Novice: 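Pasting a structure below so you can have a look.
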Amino acid sequence: MIACLGRIVHDSDAESKLDDDVSTIFNSLNLQGSIENGDVSGIASKDFGGLYSVKPLYLIRPSGAEDISRVVKAAAGTPHLTVAARGNGHSINGQAMADGGYVIDMRSTGENHFKLLTVNGSPCIDVSGGALWEDVLRRCVSRFGLAPRSWTDYLSLTVGGTLSNAGVSGQAFRYGPQTSNVTELEVVTGKGDITVCSETRNPELFFGALGGLGQFGIITRARVKLQPAPDMVRWIRVVYAEFEEFTRDAEFLVSQKEDESFDYVEGFVFCNNDDPVNGWPSLQLNPDQEFNPAHLPQTAGPVLYCLELAFHYRNSDQPSTVDMVTFFKKNFDLTVNNHLRRILR
């Protein structure tokens with residue numbers, strides 16, 4: 001006969017032990033923020049890609065860079081303990097997860113930095129790495145009448161998250177991606193050091209962190225270039241059935257001079273069917289007008305192409321400038337196809 005000695009752990013006992021573990025880790029790290037067990041919150045085990053789901057030991061909501069530094073230093077001194085910074089969870093392939101490690105929820109730091117500055121005569125804004133771009137844009141416009149020169153087409157992403165990738169939208173053809181519109185970063189390195197970097201100060205870290213997929217440090221603050229926000233925008237969407245026409249017009253539009261083109265040019269593909277997520281219903285033209293597939297040619301294939309365009313206006317512009325778009329005077333008729341030309345008249 002084999003004797004087995006053991007202890008029956010009731011749910012209340014298990015929960016008590018988890019609470020004790022969280023309290024012990026919290027006290028040892030001396031955090032100003034908060035910490036909870038990885039089993040308690042589901043957000044730390046998921047991301048937008050949906051391909052992987054792993055549970056961390058703890059989800060940490062830091063109060064600032066000092067908390068993040070303490071967590072990274074603790075992990076660096078512990079074999080096989082990993083750390084992942086999580087913005088708004090739009091990573092893929094589990095990049096924002098830490099199997100059996102620490103996940104840092106950067107959104108808790110979103111309000112830490114928001115300061116307008118002038119750098120070399122141009123406006124910039126210091127913002128937190130955990131701030132959402134939609135909040136940065138709204139606050140810049142409402143408070144200062146300014147806006148970032150480049151942002152992403154989806155704004156519910158964190159500053160640090162997109163700067164760790166590239167940050168591309170319809171303004172990138174003119175100003176470059178978001179990574180090209182930053183003058184300074186504050187980064188927590190893999191050793192837990194809080195380091196300020198720029199093109200001239202710690203440049204290797206600066207250019208490594210920008211677009212480095214989080215492998216060179218965690219961005220806790222960014223200094224972003226601004227420009228005057230428009231007072232009014234003309235927004236246009238043009239649908240194509242032929243890929244060659246779509247790419248020809250897109251290449252033409254992004255190759256024009258600044259005062260002879262749109263301020264925003266972006267293209268995308270959608271399905272030629274009634275799927276509510278990826279088909280015709282997803283292509284909103286305006287609140288009162290839905291896409292009408294009856295206008296499509298018989299030769300249209302399984303996918304369609306769309307150019308999304310915007311032209312910015314100021315209150316100081318003459319009414320004729322707003323009512324009649326007059327750019328592309330010389331080359332427009334020769335280069336752009338007829339249905340796009342009709343829209344711009």
Side-chain angles (χ1 to χ4, degrees), residues 62-68 85 87-88 90 105-188 194-203 205-212 214 216-233 258 263-264 310 312-315:
S63 65
E66 291 77 13
D67 275 1
I68 298 172
N88 211 21
H90 282 261
D105 188 350
M106 296 297 295
R107 295 174 301 175
S108 62
T109 67
E111 298 293 326
N112 287 12
H113 300 282
F114 192 80
K115 182 180 180 180
L116 183 66
L117 304 137
T118 300
V119 179
N120 297 326
S122 299
C124 293
I125 191 78
D126 270 358
V127 292
S128 300
L132 297 181
W133 280 108
E134 60 188 4
D135 295 332
V136 173
L137 178 61
R138 182 180 63 253
R139 294 173 71 181
C140 285
V141 173
S142 62
R143 294 190 186 185
F144 312 119
L146 300 170
R149 298 203 309 174
S150 182
W151 60 73
T152 55
D153 56 354
Y154 180 70
L155 295 174
S156 293
L157 304 172
T158 59
V159 171
T162 61
L163 293 182
S164 295
N165 287 271
V168 178
S169 76
Q171 300 136 309
F173 78 98
R174 177 165 296 163
Y175 301 112
Q178 290 180 322
T179 52
S180 297
N181 291 275
V182 177
T183 63
E184 185 179 282
L185 296 174
E186 179 187 80
V187 177
V188 176
I194 303 175
T195 305
V196 176
C197 55
S198 65
E199 291 186 9
T200 57
R201 182 180 180 184
N202 300 313
L205 177 61
F206 180 73
F207 290 111
L210 291 174
F216 295 89
I218 299 173
I219 298 173
T220 54
R221 177 180 61 82
R223 184 164 294 171
V224 179
K225 295 179 181 179
L226 302 177
Q227 65 178 3
D231 297 306
M232 184 166 55
V233 175
E258 183 171 346
D263 297 285
Y264 186 102
H312 295 173
Y313 297 97
R314 312 285 178 198
N315 286 335

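In this text, all values refer to a predicted model and were calculated from it rather than measured experimentally.
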Novice: So, do Leu226 and Pro148 sit near enough that their side-chain heavy atoms are less than 4.5 Å apart?
Specialist: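 Counting from C-beta outward, Leu226 and Pro148 do come under 4.5 Å.
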
Novice: Can a donor-acceptor pair be found, under 3.5 Å and without considering hydrogens, that links the side chain of Asn202 to the backbone of Val196?
Specialist: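 Answer holds: yes.
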
Novice: Which heavy-atom pair separates Ala131 from Val136 by the least distance, and what is that distance?
Specialist: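 Smallest interatomic distance, heavy atoms only, reads CB-CG2, 4.0 Å.
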
Novice: Test of understanding: with side-chain contact (heavy atoms from CB on, under 4.5 Å), list the residues that count as partners of Ser164, not counting sequence neighbours.
Specialist: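 Per chain and number, Ser164 pairs via side-chain contact (heavy atoms from CB on, under 4.5 Å) with Ile219.
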
Novice: Do Glu199 and Phe207 touch side chain to side chain, with heavy atoms closer than 4.5 Å?
Specialist: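 In short, these two side chains touch, coming nearer than 4.5 Å.
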
Novice: Taking atom types as modelled, is there a side-chain donor on Thr152 or Trp133 under 3.5 Å from an acceptor on the other?
Specialist: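 No, because no side-chain N or O of Thr152 sits under 3.5 Å from a partner of the opposite role on Trp133.
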
Novice: Identify, with sequence neighbours excluded, every residue that meets salt bridge (Lys or Arg N to Asp or Glu O under 4.0 Å) alongside Arg174.
Specialist: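 Applying salt bridge (Lys or Arg N to Asp or Glu O under 4.0 Å) to Arg174 gives Asp263.
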
Novice: Roughly how far, to the nearest 0.5 Å, is the CE atom of Met232 from the CG atom of Asn315?
Specialist: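 Rounded to the nearest 0.5 Å, the CG-CE separation comes out at 7.5 Å.
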
Novice: Looking at Thr158 and Gly130, what are the two nearest heavy atoms and their distance?
Specialist: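 For Thr158 versus Gly130, the nearest heavy atoms are CG2-O, 3.7 Å.
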
Novice: Is the backbone of Ser63 close enough, under 3.5 Å, to the side chain of Ser108 for a donor and an acceptor to pair up by distance?
Specialist: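 No; judged by distance alone, with no hydrogens or angles, the pair does not exist.
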
Novice: Taking side chain as C-beta onward, heavy atoms only, is Met106 less than 4.5 Å from Ile218?
Specialist: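 Touching, per the 4.5 Å side-chain cut-off.
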
Novice: Can you name the nearest heavy-atom pair linking Leu185 to Ala222, along with the distance?
Specialist: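 Heavy-atom minimum between the residues: CD2-CB, 3.7 Å.
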
Novice: Is Asn88 reaching over with its side chain to a backbone N or O of Leu132, donor-acceptor style, under 3.5 angstrom?
Specialist: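 Pair absent, no side-chain N/O of Asn88 close to backbone of Leu132.
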
Novice: Indicate the atoms forming the closest heavy-atom contact of Ser128 with Glu111, along with that distance.
Specialist: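 Closest approach of Ser128 to Glu111: OG-C, 4.1 Å.
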
Novice: Between Ser180 and Tyr175, which heavy-atom pair has the shortest distance, and what is it?
Specialist: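 Taking Ser180 first and Tyr175 second, the nearest heavy atoms are CB-O, 4.1 Å.
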
Novice: Under the side-chain contact (heavy atoms from CB on, under 4.5 Å) test, which residues partner Ala147, sequence neighbours left out?
Specialist: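 In terms of side-chain contact (heavy atoms from CB on, under 4.5 Å), with neighbours along the sequence ignored, Ala147 is linked to Leu137, Val141, Trp151, Ala229.
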
Novice: When rounded to the nearest 0.5 angstrom, what is the spacing between CZ in Phe206 and OG1 in Thr200?
Specialist: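 Phe206 atom CZ to Thr200 atom OG1 measures 9.0 Å (nearest 0.5 Å).
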
Novice: How many angstroms lie between atom CZ of Arg138 and atom CZ of Arg143, to the nearest 0.5 angstrom?
Specialist: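 Arg138 atom CZ to Arg143 atom CZ measures 10.0 Å (nearest 0.5 Å).
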
Novice: How far does CG of Leu116 sit from CG of Leu146, to the nearest 0.5 angstrom?
Specialist: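 Answer for the CG-CG pair, Leu116 versus Leu146, is 6.5 Å.
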
Novice: Which residues pass the salt bridge (Lys or Arg N to Asp or Glu O under 4.0 Å) test with Arg223, sequence neighbours left out?
Specialist: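 Scan of Arg223 (salt bridge (Lys or Arg N to Asp or Glu O under 4.0 Å), adjacent residues dropped) gives Asp126, Glu184.
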
Novice: Say whether, by atom type as modelled, one donor and one acceptor occur between the side chain of Ser150 and the main chain of Ala172 under 3.5 angstrom.
Specialist: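 Such a contact is absent between Ser150 side chain and Ala172 backbone.
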
Novice: Can you give me the closest heavy-atom contact between Val168 and Pro177, atom names plus distance?
Specialist: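 Nearest pair, atom of Val168 first, then Pro177: CG2-CB, 4.1 Å.
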
Novice: Give the C-alpha distance, both sets of side-chain angles, the deciding distance and a yes or no for side chain to side chain contact (heavy atoms under 4.5 Å, CB included) between Ile125 and Phe144.
Specialist: CA-CA 10 Å; Ile125 191 78; Phe144 312 119; 4.1 Å; yes

Novice: Looking at side-chain heavy atoms only, is the closest gap between Asp231 and Tyr313 below 4.5 Å?
Specialist: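 A side-chain contact under 4.5 Å is absent here.
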
Novice: Donor-acceptor check, side chain of Thr109 to backbone of Gly64, threshold 3.5 angstrom: yes or no?
Specialist: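 Between the backbone of Gly64 and the side chain of Thr109 there is no qualifying donor-acceptor contact (under 3.5 Å).
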
Novice: Which residues pass the salt bridge (Lys or Arg N to Asp or Glu O under 4.0 Å) test with Arg201, sequence neighbours left out?
Specialist: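 So Arg201 forms no salt bridge (Lys or Arg N to Asp or Glu O under 4.0 Å) with any residue.
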
Novice: Restricting to ring-ring contact (aromatic ring centres under 6.0 Å, His included), what partner residues turn up for Tyr154, sequence neighbours left out?
Specialist: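 ring-ring contact (aromatic ring centres under 6.0 Å, His included) list for Tyr154, sorted by chain: His90.
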
